[in-house]
Each structure stands twice: as C-alpha cells, then as structure tokens.
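Working notes, structure below.
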Amino acid sequence: LAWEQTLDLARGRIVCRSRHAGGIEIRTDVLTPLGWDALLVRRRVVTPSHVRVEQRMAYVFSSDPDGTEPPSGVRLLSSSSRRRSSRLLYEATGLSDFVGCVLICAPGASSADSKGCRLVSAVSGQALPSSPAEACWLIAFGDSCHRLDEVPTDAAALDSAGDRVDGLARHFLKVGFDGVADESAAAWGRHWTESSVDVPDAAIGKMYRTAQYHLRCNATKWSQPVGLLNSHWRGRYFGWDEMFCHQALLWSGHAELARRIPEFRHAVLEPARRRVAHYDNQDIYGARYPWETLEDGSEGTPPGFWCDHVFHISNIAVSAWSQYVCTLDREYLSHSGFPVLRDCARFFLTHCVYEDNRGGKFIGKTTDLERLGPARERAFMTTCGVIYTLRAAAQAVDVLSLREHAPEADVWRNTAASLVESLPEKNGRYIACPEAEQESIATTGGLFPYSLFDSGSSQQTLAVTHFVEHGRAAGNMYPVGNRICAWYAGWMTVVLSAVGDASGALRFLKEAAAVTGLFGECFEINEGGIQCRPWFSTASGNVIHGLNRMLVDFDEKTIKIAPGVPREWKEFSFTLPCGWGRTVEVAVCAGVLVRLRVSFADGSVPSDARVRIPTRLCPHGRLPEGWLCYGKLAGALVLGPDETSGGEHGRQT
C-alpha cells in the first residue's frame, strides 16, 4: 500500500519501509560495512496478530534470469551448507584467472541450502503486534584477484578466500547486525570528521554531503571509476574523470583516500610506458595512459575518436602534483608523484609538441572536449594541460633537488613558456581552438582543471565571461538538452570563484543542485526527457570541489577565504585544507568573521600565514583575536598571525 526509502548518509545505511494489506508492515535495513567485502540485510515484519513468519534470502550467482548458469567465464567448483550458513566456491577468468568464495549466513537460521548457482538461507520466527519477527543475513565475498601474496588459482588461494569470508561470518554471528553496523558507523564517523562544511543553502548542502558519501562508497582499492556499474562504462578508470574525484577528496581533507588515485597511476606506469616505448628505449618517450584503463593498466577503451584524447594525461599530472601540494609529503612525491609527472611530461614533449617555422611551439592535432570533434590543432584546453604538466614536473625536480633531471626540467619550463604564446585567441579572449565553430567550456581550462592564470589574465577572464553569456547551448558533454549538467556546473563554480564572480558561482551551483535526484545524487545529465547515469562520480567530484573553492582557495603566498561566497550568505563555517600541509577553520555568524585558525597537522600555527578576507566580514576593522592586518586590497584585508598576542590564534572573545 505504501513504500519509502531513506538513505542515512552519516551511518552508510539504507532503510526501506513498506505497508501491506492486512496490517502487515516491513522494515528492511541494508548496509555494506565500511571496509568489508560484504552486504548486511536485516528485515523486521510486524503483523496485527500472532503469526508464524518464515523469511528467506537467496543469493543467485548467475547472469541469466532463471539463475541456472553461472556468469560467463565462471566455473563453479563446489558448494556446501552448514546449520547457519552456506558457501559457494568458484573459479573465474577476467583480466586474469582467480578463485573465490561467496557465503551467506544468518543467526538462528532454520535452514541453509546451496544448489548450483543459488545460496538460500531461511529464518523462522513468531511475529506479535508488540514484537516483530526479525531475520538478519550476511552475504560475504572473498577472492584471490590481485592478491600479490597468493597464487591466484591454487588450493591455498581458495582456502584463503574461504577463511576470509568465514572470519567475517564469525564476527557477524558474534556481535550481530547492530554490532557490525555500529563498527561501520564509527568508521563513517571518522571519515566525516576529516573536514566540515556548513552553508545556508539547504539544497546545495544536501547535494554536497551526498556527493561526499558517494565518493567514499565509490572508492575501490585501485582508484575512483566513473561508477561501479556496467551502465557506468563497466567500472573502468578514466584518468580524466579520476582527477575531478581526486580534487574533491583531497581538498575535503580525505588525503589518504585521494592518494589512491595517483598511486594507482604509479602502479600502472609500466604498461603506459610500454605503450609508447621504442623497444628498449623506455626512458625517452614517457607514458601514454589509456583513455579507459583496466585495473592492471591495460587498454579498456572501445574504438572511437575519443582514443585520440591526450588531456587525460594532464589530469593525471594534476592529481600527482596536487597530492604533494596539499600534503607536502616528499616521500610520496619521490616514490610515486614524480615518476608519473616525469613520464607524462616526456610523453607530451616527444609526441604532442610541434615547432613552427618561427621557432614557436604548439600542440598538434588531437581530440579536445568531444563536442569540438576530432583532429583539433592548438586546442586551448589540451594546450593548457600540457603547460601545466611541464611546469609541475619541473617544480617537482626543484622540490626534490634532482640534479640529474635539471637540464630536462629547463626544457620543460621553456617549452611551457613557448606554448603559452600559442594559445588561440579571438577578440581579446581565449577560444577553444583556431576557427572554433561552437562554444565550449574548454575555454575556461586555464583556471580549471589547470590553474595557469589568475583573475588578472584578461584573455582568460573574458573567455569565462563569454562562455557564461553564450555557452548555455554547450552546457552538456553531449549535444543534447538545453541546460548545463551538474559536473559542468561544478566546473563553472570553481572558475567563477577564481575570477571573483561570487553571484555567478552560486548560480551555477544552484543549477547543479536543481537537477539532483531524490537523495541529492548527481546524474551525468538530468533534465526533462534526458536522464542518464545517476550516481555519476565525475559530477559528484565537481560539485564538491566547486563549493570548496567558493569557501577557500590559495596560491603560494596567500590563503583566500570566501572568494566565491555571495554577500547574502551571512552564516557559514568550514574546516578545509588550504595547501602546503595546512588546514583552515572559519566561522562566520551574522555576516561577521568570528573564527579563523590556520594550522599544520600537528596543531602548530604557521607564523608566515597570510590570509585574504573580504572586508565585509570584518566590519569596522574588527579582526579575530590573534590576527593583525598586514594590508588592504580592493574589497579585502590581508591578515597575518599576531605573534605577540600569546593567545590561541583565531578565537574571537
């Protein structure tokens, strides 16, 4: 008669409630415990009178509707049943051969059975009006896929997979559904406390928190796919899309989770190098990562003109470099970040950079954003990405004092400087490519994804303004629809915050929130008559990053507070990273800055911190305790710690 579903973001749980004829009510709680390869289900049945209830859970390991045959490439080895559980063992062929085990168990199970592709567990009980009949199940998974400590198909690997699922089952039977759920909720709690954001727009806040939840759920032990489903490119890894998720995680304080992304690219560096190696000359030509990457680094891209993208390699460089910029982790940079940056830079230099008859440099024909079509020479965004990569690789050489790479770094820097001169312009603004026939969000690429320019660049600022005024028809990644999709809207929020257009930044983020789903989840496209791919991680990444950049931005000298916050927001607070190993805490109440603290991970305060604050947040020159005004700019104050105050920096009394 009625049904509803609730998503509990704080605890990572779904609750479904249904009401049926005869006064029967059912509640089902479902969760994947954080860190477990398992699914937990609890069902409670309430009846108007004393009734015996039997509840069954069936897991069917099959891809056909009848459940008679295992999935393609899978061979069932055996199955077994015990009093409270049943197990299914299998051997599978995917990227490699591996073995695995699926287990289903339930406390107080009245029967457990396994037959062919099906595992069944039944629980019997009594339902009373004052006491529901309850059944709880664990479905646990274990396999030897990508376990470097095992031969993936031998008996020991099968025993190991079985031992792992048995261990989960023992713990589940010991502590019960609530015990496991509480452990998972505690893990979610630790994740949520790594940062905080509170803004007065309820729809934006809901979208932001759901997107944060989504990226945590979507994180695999390799990286962030665009989605975990076959509908989302079968869970493949796009170097392009990974970066948007990485920026969202990194600048939300989830640095270790974000680190998986550049570490994955380091782990699959050799296959990318072999793609362009000239026999034994591995060190010359760098690395060409596939547009769609499989877990072992191999090519997963179907044929198409998108195979000619190279700007995803720049996004891989953004992840590799910004991970260091945020954390100042030199060990990471030396071991993983720099090798990736070096080989991305080498690839661009040897494959993409051309020289004209006047000695200038430019990027040859490639596929830029797909709406522009294939074979675009001097494409603006691709060129910006190459410039960023060359500069970042050279900076990494300086940071690590790598003398043996110094001559190469000079070439990278000089080439980057020359490429800036090749960026296509028209009427004093940057354009997508020479003689571009349509508008493109690519023209904002020098601000995001690639932070090359600041608001003082007239060509870049005019390009942003032009796209805002004329680019509505190009607001989706495909030539369909009439609105701007959520991940483009998040992108534009970042860009407009960078140029100081706070009202524009808010407008685009509101547009993103207006096209989310019932739980605040982002789609690839969601407008009248066009709905595709809900829970699209790229969009989740961009709307998170968009709001974060509205609240805080930074360069090597200054932390910029509220660069994209509109005047109408009188109440907001956040705790977010602000680069170079620092975190900033801000609280604004009634339009007044009442809390400002900048600190390193160990709690110490950087004495040289310079913070740029909109003047309106410090009416009558009133500053938070522990801070002094070091200068005034147009509409802003530059603050620094007062080393003589002796008090805690940032707490106003």
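Heavy-atom basis, side chains included; hydrogens, waters and symmetry copies ignored. Throughout, residue positions are numbered sequentially from 1 according to the sequence presented. For clarity, every value in this text was computed on a predicted model and none was experimentally measured.
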>> Between Thr293 and Arg265, is the side chain to side chain donor-acceptor pair (under 3.5 Å) condition met? List the steps.
In response: CA-CA 10 Å; Thr293 307; Arg265 290 299 163 177; 3.0 Å; yes
> With a cut-off of 6.0 Å (strictly less than), are more than 12 heavy atoms of other residues, nucleotides or ligands near CD of Glu404?
Replying inline: yes
> Looking at Phe380 versus Phe311, is the centre-to-centre ring distance below 6.0 Å?
Replying inline: no
>> Centre-to-centre under 6.0 Å for Phe536 and Phe523, is that the case here?
In response: no
> Can you name the side-chain hydrogen bond (donor to acceptor under 3.5 Å, both in side chains) partners of Trp491, sequence neighbours left out?
Replying inline: Thr444
> Excluding sequence neighbours, so at least two apart, what forms ring-ring contact (aromatic ring centres under 6.0 Å, His included) with Phe338?
Replying inline: His405
> Between Ser422 and Leu419, is there a donor-acceptor pair closer than 3.5 Å when you use the side chain of the first and the backbone of the second?
Replying inline: yes
> Taking only residues two or more places apart in sequence or in another chain, which ones pass ring-ring contact (aromatic ring centres under 6.0 Å, His included) with Tyr324?
Replying inline: Trp321
> Does the Gln460 side chain pair with the main chain of Gly446, one donor and one acceptor, at a distance under 3.5 Å?
Replying inline: yes
> Would you say Gln323's side chain and Pro262's backbone share a donor-acceptor pair under 3.5 angstrom?
Replying inline: no
> Does Val310 reach the side chain of His351, with side-chain heavy atoms less than 4.5 Å apart?
Replying inline: no
> Do Ser252 and Asn548 meet the criterion of a side-chain donor-acceptor pair at a distance under 3.5 Å?
Replying inline: yes
> Quick check: does any side chain N or O of Arg582 sit under 3.5 Å from a backbone N or O of Cys578, one acting as donor and the other as acceptor?
Replying inline: yes
> How about Lys365 and Pro374: do any of their side-chain heavy atoms sit closer than 4.5 Å?
Replying inline: no
> Yes or no on side chain to side chain contact (heavy atoms under 4.5 Å, CB included) for Thr389 and Ile313, after CA distance, side-chain angles and deciding distance?
Replying inline: CA-CA 8 Å; Thr389 303; Ile313 298 174; 5.8 Å; no
> Does NZ or CZ of Arg378 fall inside the cone over Phe362's six-membered ring, less than 6.0 Å from its centre and within 45° of the axis?
Replying inline: yes
>> Once side-chain hydrogen bond (donor to acceptor under 3.5 Å, both in side chains) is applied, do any residues pair with Thr493, and if so which ones, sequence neighbours excluded?
In response: none
>> Let's go through His312 and Phe238 carefully: what are the C-alpha distance in whole Å and the side-chain angles of both, what is the deciding distance for side chain to side chain contact (heavy atoms under 4.5 Å, CB included) to 0.1 Å, and is it a yes or a no?
In response: CA-CA 8 Å; His312 64 293; Phe238 289 67; over 6 Å; no
> Aromatic rings Trp580 and Phe554: how do their planes relate, parallel, tilted or perpendicular, breaks at 30° and 60°?
Replying inline: perpendicular
>> According to side-chain contact (heavy atoms from CB on, under 4.5 Å), who are the partners of Arg610, at least two apart in sequence or on a separate chain?
In response: Tyr630, Val638, Pro641
>> Determine whether a donor-acceptor pair (N or O, by modelled atom type, separation under 3.5 Å) exists between the side chain of Thr575 and the backbone of Glu585.
In response: no
>> Looking at Ser440, is its backbone amide N or carbonyl O close enough to the side chain of Thr443 to form a donor-acceptor pair, meaning the two atoms are under 3.5 Å apart?
In response: yes
>> Under the rule for ring-ring contact (aromatic ring centres under 6.0 Å, His included), what residues qualify as partners of His254, not counting sequence neighbours?
In response: His191
> How about Glu242 and Ser223: does a side-chain donor come under 3.5 Å of a side-chain acceptor?
Replying inline: yes
> Considering residues at least two apart in sequence or located in another chain, which fulfil the side-chain contact (heavy atoms from CB on, under 4.5 Å) criterion with Ala587?
Replying inline: Ser573, Val594, Arg595
> Do the side chain of His266 and the main chain of His335 share a donor and acceptor less than 3.5 angstrom apart?
Replying inline: yes
> Residues two or more places apart in sequence or in another chain: which of them pass side-chain hydrogen bond (donor to acceptor under 3.5 Å, both in side chains) with Asp356?
Replying inline: none
> Among all residues two or more places apart in sequence or in another chain, which pass the side-chain contact (heavy atoms from CB on, under 4.5 Å) test with Asp555?
Replying inline: Lys557, Thr558, Lys560
>> Which residues pass the side-chain hydrogen bond (donor to acceptor under 3.5 Å, both in side chains) test with Thr516, not counting sequence neighbours?
In response: none
> Could you go step by step and tell me if Glu408 and Arg346 meet the salt bridge (charged side-chain N to carboxylate O under 4.0 Å, His left out) rule?
Replying inline: CA-CA 9 Å; Glu408 195 173 14; Arg346 286 175 175 173; 2.7 Å; yes
> Phe572: what forms a ring-ring contact (aromatic ring centres under 6.0 Å, His included) with it, not counting sequence neighbours?
Replying inline: none
> Quick one: is the NZ or CZ of Arg216 closer than 6.0 Å to the six-membered ring centre of Trp192, and within 45° of its axis?
Replying inline: no
> When the ring centroid of Phe467 is compared with that of Tyr488, is the distance short of 6.0 Å?
Replying inline: no
>> Keeping Arg342 on the side-chain end and Val397 on the backbone end, is there a donor-acceptor pair under 3.5 Å?
In response: no
> How would you list all residue pairs meeting ring pair (Phe, Tyr, Trp, His ring centres under 6.0 Å) that involve residues 582-602, not counting sequence neighbours?
Replying inline: none
